[in-house]
Amino acid sequence: MNDWRERFPGVAEAEWRDWRWQQRHALRTPEALARLFPLTEAERRGLELTRASFRLGVTPYYASLIDADHPSCPIRRQAIPVAAEAAGAPGDLRDPLGEDAHRPARSVVHKYRDRVLFLAGDTCSVYCRHCTRRRITGGEEGGFDRSAMEEGVAYVRAHPEVRDVLVSGGDPLVLADERLEWLLGLLREVPHVQILRLATRAPVTNPMRVTPELARLLRRFAPLFVVTHFNHAKECTPDAAEACGLLVDAGVPVENQSVLLRGVNSTARNVRTLNEKLLTFRVRPYYLHQGDLAEGTGHLRTPLSCGLGILEELRGRTSGLAIPHLAVDLPGGLGKVTVQPSWLLGRADAGGADAGGHWFRSYEGRRAFYPDPPEADCGCPYDAVFYGDDA
Ligand SMILES: *Cc1c(COP(=O)(O)O)cnc(C)c1O
């Protein structure tokens with residue numbers, strides 16, 4: 001089923017393995033998709049109705065993973081619009097994270113004091129149907145040219161409080177190595193920028209993009225973390241494993257951010273299987289995102305209880321390393337917060353000789369008391385020495 005040669009006869013192995021070929025041959029029309037496998041009525045209508053509102057693009061590689069027999073295939077649901085996407089949902093927002101109010105430069109979103117999001121482009125090799133930044137990746141702002149990026153770098157340079165730059169977009173790995181090297185070089189030259197992060201879906205949607213040359217290039221800008229976006233174990237192919245392996249072997253740590261998508265990965269079994277698989281790729285699950293209120297994504301959104309239930313089921317039953325933070329990026333631009341099932345049942349006050357403490361429930365539902373120490377000053381006396389504080 002997943003042999004690409006059946007779906008793309010006549011394509012040479014060398015073309016298939018070339019990331020530029022994948023990008024250039026991305027499927028961009030309903031007709032191109034319909035040639036590969038029969039589309040459902042909901043998909044045909046979705047493709048028609050979203051034609052004007054959001055881009056369509058699926059790399060041949062990602063399309064080769066689609067299960068032609070099942071409309072609910074997780075790859076298919078992420079890549080092909082259905083009619084519900086055009087209908088919208090109550091509460092949908094054009095700028096769901098209130099980013100535009102925090103854009104001191106066109107390519108910079110500065111919401112948290114010490115870190116910025118840097119938009120390196122508005123294009124992707126696959127347009128996720130759950131895209132949260134579709135007001136930008138829809139193409140309405142125009143692209144981000146050299147001068148837009150230079151303006152962003154100048155902003156970072158002028159703000160010494162910024163120690164972490166998250167290069168995103170769009171997908172920065174649609175850029176050629178030379179362009180990427182230029183941008184990362186400019187950011188790396190800023191003395192107060194400690195770490196760089198590069199957010200990309202390339203290991204998932206165009207794993208051929210991760211070449212040994214790219215891995216070495218990224219390593220030169222260390223400390224740089226690649227943050228990728230796997231949502232389902234079906235995406236964890238040998239090609240994806242190789243892409244992640246090249247990065248990690250080169251010395252580039254890789255983290256994963258998933259988005260909880262209703263009917264796609266919204267069960268504990270799916271999240272656990274994905275994250276256990278990612279750990280074998282040496283990729284660490286970082287965030288599990290509650291869906292943002294982006295226009296056209298309502299049909300994929302879960303109630304918060306779904307994500308909480310998933311974390312509840314994972315704790316104690318898989319490696320702690322496989323358990324991500326469940327993040328809700330608050331509307332109005334207020335930033336991300338994380339939520340957890342509550343393992344804490346309550347507090348017991350100190351009485352007589354007893355210290356206070358807390359009652360917990362274990363992952364198996366058993367009760368335990370954890371006492372607080374009687375002495376509760378948590379200051380560290382050596383701090384004054386280590387940080388050179390004035391007495
Ligand atoms: C998510 C996000 C970041 C990074 O947040 P972390 O919690 O540090 O991963 C930075 N800026 C913006 C605007 C973001 O949305």
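For clarity, every value in this text was computed on a predicted model and none was experimentally measured. Whatever order the structure lists ligands and atoms in, that order sets their numbers, starting from 1.
- Annotation: ligand 1 has protein neighbours V109, Y112, R115, L117, L166, R197, Y286, Y287, D329, K336, each with a heavy atom less than 4.0 angstrom from the ligand.
- Salt-bridge check for R133 with E141: failed, with every basic side-chain N at 4.0 Å or more from each acidic carboxylate O.
- Sorted by first then second residue, the ring pair (Phe, Tyr, Trp, His ring centres under 6.0 Å) pairs that include residues 120-144, not counting sequence neighbours, are F54-Y127, H130-H229.
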Show which side-chain atoms of residues 89-97 pair as donor or acceptor with protein atoms under 3.5 Å away, not counting sequence neighbours.
from	atom 1	to	atom 2	distance (Å)
D92	OD1	R301	NH2	2.8
D92	OD2	A89	N	2.9
D92	OD2	G296	N	3.1
D95	OD1	G98	N	3.4
D95	OD1	E99	N	3.0
D95	OD1	R135	NH2	3.4
D95	OD2	E99	N	3.1
D95	OD2	D100	N	2.9

Please set out all donor-acceptor pairs under 3.5 angstrom arising from side-chain atoms of residues 148-159, sequence neighbours excluded.
from	atom 1	to	atom 2	distance (Å)
Y155	OH	H110	ND1	2.7
H159	ND1	E161	OE2	3.1

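- By the 4.5 Å heavy-atom criterion applied to side chains, F225 and V254 are not counted as neighbours.
- Contact annotation: the side chain of T211 never approaches that of L246 to less than 4.5 Å [non-hydrogen atoms, C-beta and beyond].
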